[in-house]
Colleague: 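Before anything else, here's the structure in question.
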Amino acid sequence: MTKKVAVVTLGCPKNQVDSEVMSGLLAQDYIFTEDPEEAEIIVVNTCTFIQSAKEESIETIFEMAGFKQSGSCQTLIATGCLAQRYGSELMQDIPELDGVLGTGNIDEITEIVQAAEGTRTTLIKPGAPNFLHDEKMPRKRSTPDYLAYVKVAEGCDNYCTYCVIPYVRGHFRSRPEESVIKEVQDMAAQGVKEIMVMAQDTTRYGFDLSGELRLPQLIRQLARIEGIEWIRLMYCYPERFTDELIETMRQEPKVCKYIDLPLQHADNKILKEMNRKGTIEQAETLIEKLRSAMPDIVLRTTMITGFPGETEQDFQTMVDFVQHVQFDRLGVFPYSQEENTPAGQREDQVLPEIREQRREQIMQIQQDISRARQQRWVNRIVTVLLEQKLLDGRWMGRTEGDAPEIDGQVYITSAQTSIHVGDMIKVRILEADSYDLIGEVVS
């Protein structure tokens with residue numbers, strides 16, 4: 001009898017793509033279940049980006065290990081960044097684990113599952129991971145039918161001093177344009193309407209293959225694919241955000257007027273110590289260009305509080321910048337001290353409670369900014385992608401200014417009975433708060 005397998009995914013959407021590829025490979029030999037309790041094989045795809053992500057990954061491994069007693073689990077595998085980074089330690093410290101698989105070995109998931117059914121097995125290639133999925137690989141998508149993540153590159157060459165990603169994901173390597181286009185064509189044929197285009201550094205796309213930044217050309221080709229309605233760009237680094245890319249976004253109606261632009265700090269001294277390229281003045285100029293070209297663009301960024309050596313003045317520079325620029329969305333992380341990183345080895349670590357206190361202060365400021373920014377949508381008609389019908393009869397969806405599972409929702413108070421999940425409809429916005437909008441269907 002064919003065994004049941006469950007894949008549990010932690011971390012970012014880039015990790016979710018890896019899980020979907022592994023699931024596609026496993027689906028050729030196993031039956032899938034959403035309930036780990038009834039699975040004979042459980043794969044935990046882990047994250048190691050910051051301390052809280054590591055802790056969640058380890059807790060999840062232990063939680064899944066419990067199903068060896070209370071459920072049907074016979075084989076437990078850890079994959080992903082934590083497995084790549086701490087594979088031998090995980091096998092040593094968690095005897096319930098039957099195998100670990102590195103990020104460079106994703107295509108060997110079936111082999112490790114089969115090997116680990118007989119003996120505890122580790123598959124982690126020495127050196128930098130170099131796996132890169134392509135359009136020919138089977139992929140079992142876990143997103144709704146109308147939405148798909150498109151990972152256009154793997155790895156990172158930025159070596160920010162606080163980050164372990166280059167060490168667990170390898171050098172930046174782009175997929176060929178033809179591979180991405182074919183994958184998106186297949187997605188469109190399956191009913192996908194919105195694609196999230198991403199990499200660890202999306203704006204670097206193509207540079208390793210041709211010496212040119214090829215994201216604008218790729219976007220224009222994807223926009224020609226019939227059935228694709230929204231193309232959303234995530235993880236765009238400011239120093240490689242060209243005028244050509246701005247113009248492509250402005251011209252192409254399918255490209256969401258939304259950018260995720262992780263800046264991480266606003267003080268040039270701290271940015272240099274983070275090994276972030278460019279200055280905050282250059283980032284501010286880019287933001288002005290984006291808003292000039294697309295006045296309705298929604299801008300999201302992330303900031304890190306409490307980086308080693310961050311003074312009150314450095315933090316105040318960040319506060320002033322956030323108040324001045326007025327981002328639509330902003331996420332803040334307290335600095336996470338990662339071992340074997342240049343920043344992690346510094347002696348001038350900021351106390352954890354100060355990191356958290358500064359995070360809360362920025363988030364409080366941003367809440368008021370977001371509420372004010374959201375008000376501009378009131379009394380306007382927007383396109384909403386429907387995602388769920390609520391028990392009280394209302395519908396819930398998103399505008400092009402809201403990334404799935406990250407940003408807010410639109411709650412639609414009155415709706416016709418003829419609409420369905422995945423439909424794109426016109427909605428008049430009636431109210432707005434810091435995160436969500438409330439509207440009614442325009443008949």
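As the structure is a computational prediction, the values presented were derived from the model and not from experiment.
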Colleague: What I want to find out is whether Lys193 reaches Asp145 closely enough, with some N-O distance under 4.0 Å, to be called a salt bridge.
Modeller: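 Salt bridge between Lys193 and Asp145, a charged N being under 4.0 Å from a carboxylate O: no.
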
Colleague: Indicate yes or no: at least one non-hydrogen side-chain atom of Ser52 is less than 4.5 angstrom from one of Phe333.
Modeller: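 Counting from C-beta outward, Ser52 and Phe333 never come under 4.5 Å.
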
Colleague: Would Glu310 and Arg358 satisfy salt bridge (Lys or Arg N to Asp or Glu O under 4.0 Å), going step by step from the backbone distance to the final call?
Modeller: CA-CA 11 Å; Glu310 183 189 68; Arg358 290 174 180 172; 2.7 Å; yes

Colleague: Among all residues two or more places apart in sequence or in another chain, which pass the side chain to side chain contact (heavy atoms under 4.5 Å, CB included) test with Gln282?
Modeller: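 Partners of Gln282 by the side chain to side chain contact (heavy atoms under 4.5 Å, CB included) criterion, ordered by chain and then number, come out as Thr279.
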
Colleague: Ignoring hydrogens and geometry beyond distance, is a side-chain donor-acceptor pair present between Gln51 and Glu55 at under 3.5 Å?
Modeller: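 A pair is found: one side chain offers a donor N or O, the other an acceptor, under 3.5 Å apart.
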
Colleague: Check Arg173, Arg204, Lys14, Arg169 against Glu154 for a salt bridge (Lys or Arg N to Asp or Glu O under 4.0 Å) and give me the one that passes.
Modeller: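 Testing Glu154 for a salt bridge (Lys or Arg N to Asp or Glu O under 4.0 Å) against Arg173, Arg204, Lys14, Arg169 leaves exactly one candidate, Arg169.
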
Colleague: With a 4.0 Å cut-off, would you call Asp134 and Arg175 a salt bridge?
Modeller: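 No, this pair does not count.
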
Colleague: Do any side-chain atoms of residues 233-240 form donor-acceptor pairs under 3.5 angstrom with protein atoms, and if so which ones, sequence neighbours left out?
Modeller:
from	atom 1	to	atom 2	distance (Å)
Arg240	NE	Asp201	OD2	3.4
Arg240	NH2	Asn158	OD1	3.0
Arg240	NH2	Asp201	OD2	2.4

Colleague: Once rounded to the nearest 0.5 Å, what's the spacing between atom OG1 of Thr248 and atom CG of Asp243?
Modeller: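 If we round to the nearest 0.5 Å, Thr248:OG1 and Asp243:CG are 10.5 Å apart.
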
Colleague: Is the backbone of Glu288 close enough, under 3.5 Å, to the side chain of Ser292 for a donor and an acceptor to pair up by distance?
Modeller: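 Side chain of Ser292 to backbone of Glu288, a donor-acceptor pair under 3.5 Å: no, none is there.
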
Colleague: Provide the full list of ring-ring contact (aromatic ring centres under 6.0 Å, His included) pairs with a residue in residues 85-105, sequence neighbours left out, each pair given once.
Modeller: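 Residue pairs passing ring-ring contact (aromatic ring centres under 6.0 Å, His included), neighbours aside: none found.
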
Colleague: So which atom in Glu400 and which in Arg232 form the shortest heavy-atom distance, rounded to 0.1 Å?
Modeller: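 Answer, listing the atom of Glu400 first, then Arg232: O-NH1, 2.6 Å.
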
Colleague: Applying salt bridge (charged side-chain N to carboxylate O under 4.0 Å, His left out), name anything that partners Lys54, two or more places apart in sequence or on another chain.
Modeller: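 In terms of salt bridge (charged side-chain N to carboxylate O under 4.0 Å, His left out), with neighbours along the sequence ignored, Lys54 is linked to Glu338.
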
Colleague: Are Glu387 and Arg398 close enough, and set up right, to give a salt bridge (Lys or Arg N to Asp or Glu O under 4.0 Å), and what steps lead you there?
Modeller: CA-CA 8 Å; Glu387 294 197 295; Arg398 288 181 292 109; 3.1 Å; yes

Colleague: Is the closest side-chain heavy-atom distance between Ile280 and Asp267 below 4.5 Å?
Modeller: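 Counting from C-beta outward, Ile280 and Asp267 never come under 4.5 Å.
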
Colleague: Restricting to salt bridge (charged side-chain N to carboxylate O under 4.0 Å, His left out), what partner residues turn up for Asp260, sequence neighbours left out?
Modeller: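 For Asp260 there are no salt bridge (charged side-chain N to carboxylate O under 4.0 Å, His left out) partners, ignoring immediate neighbours.
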
Colleague: In plain terms, say whether Asp296 and Lys257 are close enough for a salt bridge, that is, a side-chain N and a carboxylate O under 4.0 Å apart.
Modeller: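 Salt bridge: no.
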
Colleague: Measuring only between side-chain heavy atoms, which start at C-beta, is Ile109 closer than 4.5 Å to Val113?
Modeller: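 Counting from C-beta outward, Ile109 and Val113 do come under 4.5 Å.
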
Colleague: Between Asn105 (side chain) and Leu101 (backbone), is there a donor-acceptor pair under 3.5 Å?
Modeller: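 Answer holds: no.
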
Colleague: Let me check something: any side-chain donor-acceptor pairs from residues 75-84 under 3.5 Å, sequence neighbours excluded? List them with distances.
Modeller:
from	atom 1	to	atom 2	distance (Å)
Thr79	OG1	Asn45	OD1	3.0
Gln84	OE1	Thr103	N	3.0

Colleague: Please find the pair of heavy atoms, one from Gln200 and one from Gly155, that lie closest to each other, and give the distance.
Modeller: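 The answer is CB-O, 3.3 Å.
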
Colleague: Return yes if a side-chain donor-acceptor contact under 3.5 Å exists between Ser72 and Glu40, otherwise no.
Modeller: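 Checked: Ser72/Glu40 side chains show no N/O donor-acceptor pair below 3.5 Å.
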
Colleague: Mind checking salt bridge (charged side-chain N to carboxylate O under 4.0 Å, His left out) for Arg120 and listing every partner two or more places apart, or none if nothing turns up?
Modeller: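 Partners of Arg120 under the salt bridge (charged side-chain N to carboxylate O under 4.0 Å, His left out) test: none.
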
Colleague: Compare every heavy atom of Thr301 with every heavy atom of Leu263, then report the nearest pair and how far apart it is.
Modeller: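 Looks like N-OG1, 3.1 Å.
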
Colleague: Check side chain to side chain contact (heavy atoms under 4.5 Å, CB included) between Asn275 and all other residues, then give those that pass, not counting sequence neighbours.
Modeller: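 Residues passing side chain to side chain contact (heavy atoms under 4.5 Å, CB included) with Asn275: Tyr159, Thr161, Lys277.
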
Colleague: Mark yes when over 12 heavy atoms from residues, nucleotides or ligands other than Glu353 sit less than 6.0 Å from its CD; otherwise mark no.
Modeller: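 Result for CD/Glu353: enclosed.
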
Colleague: Is a donor from one side chain sitting under 3.5 angstrom from an acceptor on the other, for Glu247 and Gln251?
Modeller: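 Yes, side-chain donor-acceptor contact under 3.5 Å.
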
Colleague: Mind listing the closest non-hydrogen atom pair of Val152 and Ala199 along with its distance?
Modeller: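 Answer, listing the atom of Val152 first, then Ala199: CG2-CB, 4.1 Å.
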
Colleague: Do His171 and Asp208 make a side-chain contact, defined as non-hydrogen atoms from C-beta onward lying under 4.5 Å apart?
Modeller: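 His171 vs Asp208: side chains apart.
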
Colleague: Determine yes or no for a side-chain-to-main-chain donor-acceptor pair under 3.5 angstrom, with Tyr162 supplying the side chain and Pro342 the backbone.
Modeller: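 No, because the side chain of Tyr162 does not come within donor-acceptor range (under 3.5 Å) of the backbone of Pro342.
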
Colleague: Answer yes when Glu212 and Arg214 have at least one side-chain N-carboxylate O distance shorter than 4.0 Å, and no when they do not.
Modeller: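 Yes, this pair counts.
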
Colleague: Could you list all the ring-ring contact (aromatic ring centres under 6.0 Å, His included) pairs where at least one residue sits in residues 255-282, not counting sequence neighbours?
Modeller: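 Of all non-adjacent pairs touching residues 255-282, none passes ring-ring contact (aromatic ring centres under 6.0 Å, His included).
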
Colleague: Okay, side chain of Asp18, backbone of Asn15: is any donor-acceptor separation there less than 3.5 Å?
Modeller: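 Absent.
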
Colleague: Is a side-chain N or O of Ser57 found less than 3.5 angstrom from the main chain of Thr46, in a donor-acceptor match?
Modeller: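 Not confirmed, Ser57 side chain does not pair with Thr46 backbone.
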
Colleague: How close do Arg291 and Val325 get, counting heavy atoms only, and between which atoms?
Modeller: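 The pair with the smallest heavy-atom distance is NH1-O, 2.7 Å.
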
Colleague: Please determine, by modelled atom types, if Ser19 and Thr9 share a side-chain donor-acceptor pair under 3.5 angstrom.
Modeller: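 Thr9 and Ser19 do have a side-chain donor-acceptor pair below 3.5 Å.
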
Colleague: Who are the side chain to side chain contact (heavy atoms under 4.5 Å, CB included) partners of Arg346, not counting sequence neighbours?
Modeller: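 With sequence neighbours excluded, Arg346 shows a side chain to side chain contact (heavy atoms under 4.5 Å, CB included) to Glu273, Phe307, Pro308, Asp348, Gln349, given in chain and number order.
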
Colleague: Working to the nearest 0.5 Å, report the span between CG of Leu10 and CD of Gln16.
Modeller: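 Nearest 0.5 Å value for the CG-CD distance: 11.0 Å.
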
Colleague: Suppose we screen for salt bridge (charged side-chain N to carboxylate O under 4.0 Å, His left out). Which residues come up paired with Lys125, at least two apart in sequence or across chains?
Modeller: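 Lys125 satisfies salt bridge (charged side-chain N to carboxylate O under 4.0 Å, His left out) with no other residue.
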
Colleague: Measure the spacing between NZ of Lys289 and CG of Leu245 and express it to the nearest 0.5 Å.
Modeller: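 Rounded to the nearest 0.5 Å, the NZ-CG separation comes out at 11.5 Å.
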
Colleague: Gln337 side chain to Gly344 main-chain N or O, any donor-acceptor pair under 3.5 Å?
Modeller: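 Answer holds: yes.
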
Colleague: Hey, are the side chains of Pro352 and Glu356 touching, using non-hydrogen atoms and a 4.5 Å cut-off?
Modeller: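 They are not in contact (no side-chain heavy atoms under 4.5 Å apart), so the answer is no.
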
Colleague: Less than 4.5 Å apart, any side-chain heavy atom of Lys389 and any of Met396?
Modeller: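 No, every pair of side-chain atoms sits at 4.5 Å or beyond.
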
Colleague: Do Leu386 and Tyr146 have side-chain heavy atoms sitting under 4.5 Å apart?
Modeller: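 Heavy-atom side-chain distance check fails, nothing below 4.5 Å.
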
Colleague: Using a 6.0 Å distance limit plus a 45 degree cone around the ring axis, check whether Arg355 lies over the aromatic ring of Tyr335.
Modeller: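 Arg355 over Tyr335 ring: no.
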
Colleague: Less than 4.0 angstrom from a charged side-chain N to a carboxylate O is my criterion; do Asp328 and Arg300 meet it?
Modeller: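 No, Asp328 and Arg300 are not salt-bridged.
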
Colleague: Do Ser370 and Gln366 have a side chain donor and acceptor closer than 3.5 Å?
Modeller: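 Yes - a donor-acceptor pair under 3.5 Å links their side chains.
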
Colleague: If you define the side chain from C-beta out and look only at heavy atoms, does anything of Thr317 sit under 4.5 Å from Phe321?
Modeller: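 No. Closest side-chain heavy atoms not under 4.5 Å.
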
Colleague: Distance from Cys73 atom SG to Ile42 atom CD1, nearest 0.5 Å?
Modeller: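 Spacing of SG (Cys73) from CD1 (Ile42) equals 4.0 Å.
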
Colleague: Please set out all donor-acceptor pairs under 3.5 angstrom arising from side-chain atoms of residues 427-435, sequence neighbours excluded.
Modeller:
from	atom 1	to	atom 2	distance (Å)
Asp433	OD1	Tyr435	N	2.8
Asp433	OD1	Asp436	N	2.6
Ser434	OG	Gln367	O	3.0
Ser434	OG	Arg371	NH2	3.4

Colleague: Taking all non-hydrogen atoms of both residues into account, name the closest pair between Glu20 and Thr143 and its distance.
Modeller: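 Of all heavy-atom pairs spanning Glu20 and Thr143, the closest is OE2-N, 3.9 Å.
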
Colleague: Distance under 6.0 Å and angle within 45° of the ring axis: does Lys4 meet both against Phe32?
Modeller: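 Lys4 over Phe32 ring: no.
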
